[in-house]
Structure formats: structure tokens, C-alpha cells
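Here's the structure we're looking at; comments come further down.
Order of appearance sets the numbers: ligands from 1, and atoms from 1 within every ligand. Here the structure is a predicted model, which means the values were calculated and not measured.
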Amino acid sequence: MPGPVHSLNIILANPRGFCAGVTRAIDIVEKSLERFGAPVYVRHEIVHNKHVVEQLKAKGAVFVDELSDIPAGAMTIFSAHGVARTVEEEAKIRQLPVIDATCPLVTKVHSQGRRYARAGRTLVLIGHAGHAEVIGTIGQIDSPVHLVSTADDVTALPIAQDQPIAYITQTTLSVDDTRTVIAALHQRFSDVAGPDVDDICYATQNRQTAVRKLATLSDVLIVVGARNSSNSSRLREIGAELGVRSYLVDNGDDIDPAWLEGVGTVGVTAGASAPDVLVDSVITALGRLRPVTVSQLDGVREDIEFSLPSALRRPAPAIPRAAE
Ligand code: SF4
């Protein structure tokens, strides 16, 4: 006879899921569709989440890899990750009407980088090669940018020890992530400048702090987010580094019942580009396997909002009435 079914304790991280930059980017696409009508063309996934992209596609957004895929005169949106200057220039040459959904915190990193370069410092970007934000940031700065992601990369930098340098960081890396690399920069170079701690992305730091707390209470950690989402992958890695079995899932369909054998408490969180509806699908899927109780950790209250670009804040032009 099967034994009694023990209930599963689900604890949700707080904060989790959408950040202000992602909310703004999605709003920009939705409001552009309302104002200009479908289709609007979005260069790159607006945020790294398939569910979000599919929902916007259904409303009339078309996602493309390059501007050359966009027809002449079509409304064009740049994704939250930012773009290189060459992309901005190509859009200008083609006279495409553009709305830029780059997160203001990413734009701030671009400005910091340009300021350091103007001051004569050699620039080091701490980030992951090939990530859309990193490609955009390198392409926003006219002088050379050296990309590093580990302390070993710092050792290999072809820069003289007494050359003044400055570092900037990919926004989806937190203070904790970059600490070792920054320490290696200070060890290797005599004159190092970098942004204030306050300048890092609040959402990345808050989600990572929350997952650390959650991991101490969980037998298994489930992170909702896309595989190409840098901040979601990092949340899973933090759980694993703290010794908790940790899985990254797109939604509830990805859950393997074997993960829960002998498990009493599951921690659930979500990356900054994962909507609540996908967290709900995970809770529902867990509830199909075992009776569940759901609670939420206390955490930092986030009330940051970024305003929309001016083109979408202005009232829509009045539609002239046809003569009666
Ligand atoms: Fe902006 Fe931070 Fe969100 Fe990235 S994670 S979109 S930098 S608020």
C-alpha cells in the first residue's frame, strides 16, 4: 500500500521576476502597437523570454535579428539590452522611425564608459562574451574595450601596469559577481576607476540577495527563466554554489517529478525577464504532484519605475474627421 502523501512547502523569493527595465520595454512594444498599429518591428528579443516574445508576436510585433530585415519606413524598436552605434547609424541612414527600449540603467553604463574613455582611461568591461548587452555596450564606445569575465582574464590583459584604467560592468552581474574580478584589477593595475556601488542594477542585486536567503531554506531551488537570460542562469548558479539542487525552467511543463523525491521544501524564484504567469504555472505543476502550501519571503520593496520615451508619452495626434 502506498504511504501517506506528504505536502510540499513552496517558498517564493521576494523580489522575483520583472524589473523596471523589462516592464518598460514590454510597455513600449504594447503602446507602440496601440499607437502606430501592427506590425512594429523589434530588433532582437525585446527581453530574453520566449513567452513574452510570443505574446507580443500575437499582438502584431515582428522580431528580427538585423535592421536589414525591416521594411523601409516601418516602426522599429531596439530591445532592452541596447544596441551598438553602428545600428543607430544604420537606422538613421535608412530613415527608420525608431523607439529605443534600452533600459535606462544600460544607457547609464554606456555614458559611464564614454566618460572614462574621454578621461584617457583604458576601458575594461566585466561581462559575458556574446551577450546582446555586451555587444551593444562595446559598440557604444569609440575607444577599444577589453572584455573580461574572470580574474584569469584580468591577468591576461595586454595593458601596462601603470596605465590608468576604468571598469564598467554588464548590468546582469551583481556586486557579488564582480567582486573577484574588480579585486584582480586593483591588484594588477596602479590606477583603477569604477562606478559607485549604487550604480549597479538594483534588480540584479535584489534578486540575487533574495535567492541566497531562499536557498538556505530550500531542499530544491527552481528558477523560472529562459536559458539565454543571463540573470536567470546566474540565480540558478547561486543556488548550486550554495549546495542546493537548482533547476532553470521555462515554465511548469519542465518540472521533472523525480526532482521532488524526498523533498519537503521547494524554493521558487524568477529572473528579471520572467512574467508572474510562468511562476504560477510552476506552482500549479507542483500542486499536481503533491498537496502544496505556498508562502513568500520578506524582501526589499521595489518601487522603481522608468518613464516611457517621449514619443509614447505625448498624446496621440488627433485623427482628422472625414467631412460629413
Ligand atoms: Fe534594467 Fe536591471 Fe532590468 Fe537589466 S535587469 S533591464 S539593467 S533594471
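The ring-ring contact (aromatic ring centres under 6.0 Å, His included) test applied to His51 returns no partner, not counting sequence neighbours. Remark: Thr150 engages Asp153 in a side chain to side chain donor-acceptor pair (under 3.5 Å) (not counting sequence neighbours). Listed by chain and number, the residues in a side chain to side chain donor-acceptor pair (under 3.5 Å) with Lys59 are Glu30 (sequence neighbours excluded).
Protein atoms of type N/O/S that fall under 2.8 Å from atom 3 (Fe) of ligand 1 number 1 in this view.
More than 12 heavy atoms of other residues, nucleotides or ligands shown are found within 6.0 angstrom of CG on Asp196.
The aromatic rings of Tyr167 and His186 stand perpendicular to each other, their planes meeting at an angle above 60°, with 30° marking the opposite boundary.
Taking a cutoff of 4.0 Å between a charged side-chain nitrogen and a carboxylate oxygen, Glu237 and Arg234 qualify as a salt bridge.
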